[in-house]
Protein chains: 2
Amino acid sequence: MGTSKYIKPTESELEILRILWERNKASVRDVHEELSKTKEAGYTTTLKLMQIMFEKGMVGRDDSVKIHVYHPVVSREKTQKHLLGKMITNLFGGSPTELVIHALGNHKASPEELEEIQQLLNNLKKQ
Amino acid sequence: MGTSKYIKPTESELEILRILWERNKASVRDVHEELSKTKEAGYTTTLKLMQIMFEKGMVGRDDSVKIHVYHPVVSREKTQKHLLGKMITNLFGGSPTELVIHALGNHKASPEELEEIQQLLNNLKKQ
DNA sequence: TTTGTTTTACGAATTAAATCGTATTTTGCT
DNA sequence: AGCAAAATACGATTTAATTCGTAAAACAAA
């Protein structure tokens with residue numbers, strides 16, 4: 001069996017995880033303020049969501065301190081891999097290449113990033 | 001306003017759309033049999049899902065014939081673009097490059113595919 | 001046409017996500 | 001200590017997704 005139980009974050013949970021992955025730790029207020037930039041929602045809604053994520057084991061928290069500080073438990077990498085796989089299957093006919101092409105085509109990358117991808121490509125070609 | 005109303009397929013709907021995109025048209029039975037390969041679900045469940053998708057305008061259908069034949073209405077490209085964008089934002093810290101790297105790293109691509117990506121990369125570099 | 005099979009229609013139940021109001025607790029300040 | 005502000009807990013509601021049973025309709029074959 002896998003080491004961590006299998007967890008499929010919902011859309012809202014993913015938005016919260018995004019912030020936690022970025023900051024490593026954050027209070028409900030932190031998260032809520034960040035979320036509010038792009039989304040309308042009450043404070044207690046965010047709170048409740050994070051509490052549920054805690055119950056699910058998706059995030060951890062330190063409540064020894066006054067204000068609870070949350071941190072991600074589910075790994076960004078695993079989540080990325082899982083969702084990417086699903087996306088490739090359902091949206092890109094099973095072809096990772098198609099996904100890559102769309103990603104590169106639709107979103108502009110800087111010269112540095114292009115170079116980074118070139119490096120990776122070179123490595124893959126060698127094998 | 002956008003030409004098509006904005007539509008966010010659910011997980012299950014995406015699985016059905018995948019099949020319709022692949023085949024262009026299919027009956028409920030066709031879809032159901034394909035789904036059954038990877039998933040446990042009753043026939044009427046698939047039927048109901050497709051009926052709901054029809055009501056949402058996500059798929060169309062020809063019911064002039066005995067057995068209803070469904071076809072996709074929402075565009076694969078638009079859906080790809082939309083979900084890809086969300087994924088980049090929430091899972092890859094806003095960096096399409098990171099997504100590309102993960103996609104290439106985790107799923108092996110054939111030499112032909114690598115070449116295809118190389119072509120694209122060359123084009124992007126020129127600009 | 002009768003009978004059995006396949007398909008569609010419909011309604012209902014179940015499950016889960018998301019939102020929020022209100023109450024309680026904790027904290028910070030004077 | 002006493003009060004106001006901020007944070008948490010909790011419960012309830014709303015909304016939507018999913019599932020499936022059952023009935024009606026369409027069809028195929030004898």
Side-chain angles (χ1 to χ4, degrees), chain A residues 5-20 23 25-71 74 79 82-83 86 90, chain B residues 5-20 23 25-71 74 79 82-83 86 90:
Chain A
K5 38 187 166 327
Y6 204 57
I7 283 170
K8 179 190 167 292
T10 67
E11 188 75 20
S12 302
E13 287 171 342
L14 209 49
E15 288 174 347
I16 290 172
L17 280 174
R18 180 196 93 218
I19 295 169
L20 293 182
R23 307 194 178 195
K25 47 180 59 187
S27 67
V28 173
R29 178 137 319 267
D30 292 336
V31 170
H32 181 64
E33 266 166 18
E34 175 88 27
L35 278 186
S36 300
K37 289 182 191 166
T38 54
K39 185 185 193 187
E40 200 55 38
Y43 175 83
T44 52
T45 301
T46 304
L47 171 67
K48 183 72 170 186
L49 276 174
M50 291 177 72
Q51 285 172 340
I52 290 172
M53 290 168 78
F54 175 70
E55 279 163 22
K56 289 188 186 173
M58 202 176 276
V59 301
R61 77 181 175 200
D62 178 358
D63 51 7
S64 70
V65 282
K66 46 234 175 159
I67 295 178
H68 293 184
V69 176
Y70 288 77
H71 59 268
V74 299
T79 310
H82 176 233
L83 292 184
K86 217 171 233 172
N90 284 333
Chain B
K5 34 187 167 334
Y6 205 55
I7 282 171
K8 178 188 167 290
T10 68
E11 188 75 18
S12 303
E13 288 171 342
L14 210 48
E15 287 175 348
I16 290 172
L17 279 175
R18 180 197 92 219
I19 295 169
L20 292 181
R23 311 193 177 195
K25 47 181 57 189
S27 68
V28 173
R29 176 131 326 259
D30 292 337
V31 169
H32 181 63
E33 266 166 19
E34 175 88 26
L35 279 186
S36 299
K37 290 182 190 164
T38 54
K39 182 187 196 187
E40 200 56 35
Y43 176 82
T44 52
T45 302
T46 305
L47 171 67
K48 183 72 169 188
L49 276 174
M50 292 178 72
Q51 285 171 341
I52 290 172
M53 290 169 77
F54 175 69
E55 279 162 23
K56 289 185 184 174
M58 203 176 274
V59 301
R61 79 181 173 201
D62 179 357
D63 53 6
S64 67
V65 282
K66 49 247 175 143
I67 295 178
H68 294 183
V69 177
Y70 288 77
H71 59 267
V74 298
T79 310
H82 175 232
L83 292 184
K86 218 172 232 171
N90 285 332

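Every chain is numbered from 1 and lettered A, B, ... according to where its sequence line falls, protein lines coming before strand lines.
Across all strands, B/Glu13 comes closer than 4.0 Å to no nucleic acid atom at all (heavy-atom distances). B/Ile67 comes within 4.0 angstrom of the backbone, heavy atoms only, and of no base. Here A/Thr45 lies in heavy-atom contact (under 4.0 Å) with a base. Using a 4.0 Å heavy-atom criterion, one finds that A/Thr10 contacts the sugar-phosphate atoms exclusively. Counting non-hydrogen atoms under 4.0 angstrom, B/Ile52 reaches a base of the nucleic acid.
Closest of all the heavy-atom pairs between B/Arg61 and B/Tyr70 is NH1-OH, 2.9 Å.
Side-chain nitrogen and oxygen atoms of B/Gln51 include none within less than 4.0 Å of the OP1 or OP2 phosphate oxygen of C/dT8. A close approach under 4.0 Å does not occur between any side-chain nitrogen or oxygen of B/Tyr43 and OP1 or OP2 of D/dT19. Within the 4.0 Å cut-off from OP1 or OP2 of C/dG21, not a single side-chain nitrogen or oxygen of A/Thr44 is found.
Atom pair B/Leu49:CG and C/dT8:P shows a separation of 14 Å (rounding to whole Å applied). A/Arg29 places its CZ atom 8 Å from the C1' atom of D/dA7, with the value rounded to the nearest Å. Separating the NE2 atom of A/His32 from the P atom of C/dT19 is a distance of 11 Å, rounded to the nearest angstrom. If you take NZ of B/Lys39 and C1' of D/dA17, they are 11 Å apart, rounded to a whole angstrom. B/Glu11 places its CD atom 15 Å from the P atom of C/dA16, with the value rounded to the nearest Å. At whole-Å resolution of the value, NZ in A/Lys8 and P in C/dT15 are 17 Å apart. A/Leu47 has its CG atom 13 Å from the C1' atom of C/dT24, to the nearest Å. What separates CD of B/Glu55 from P of D/dA16 is a distance of 14 Å, to the nearest Å.
Each of B/Arg23, B/Glu15, B/Lys39 was compared with B/Glu34 under the side chain to side chain contact (heavy atoms under 4.5 Å, CB included) criterion, and only B/Arg23 meets it.
Each end of the helix from C/dT1-D/dA30 to C/dT30-D/dA1 gets its own axis, taken as the rotation carrying the C1' atoms of four end pairs onto the next four within a five-pair window, and the two axes meet at 10° to the nearest 10 degrees.
Judged by atom type and distance alone, B/Lys48 does not reach the base of D/dG21 through any side-chain donor-acceptor pair under 3.5 Å.
Separating the CE atom in B/Met50 from the CD1 atom in B/Ile19 is a distance of 8.5 Å, to the nearest 0.5 Å. Here OG1 of A/Thr46 is found 13.0 Å from NZ of A/Lys48. Values are rounded to the nearest 0.5 Å. In this structure, OG1 on B/Thr10 lies 7.5 Å from CE on B/Met53, to the nearest 0.5 angstrom.
Within a 6.0 Å radius of CD in A/Glu11, more than 12 heavy atoms belonging to other residues, nucleotides or ligands are found. Heavy-atom neighbours of A/Lys25 NZ from other residues, nucleotides or ligands within 6.0 Å: at or below the threshold of 12.
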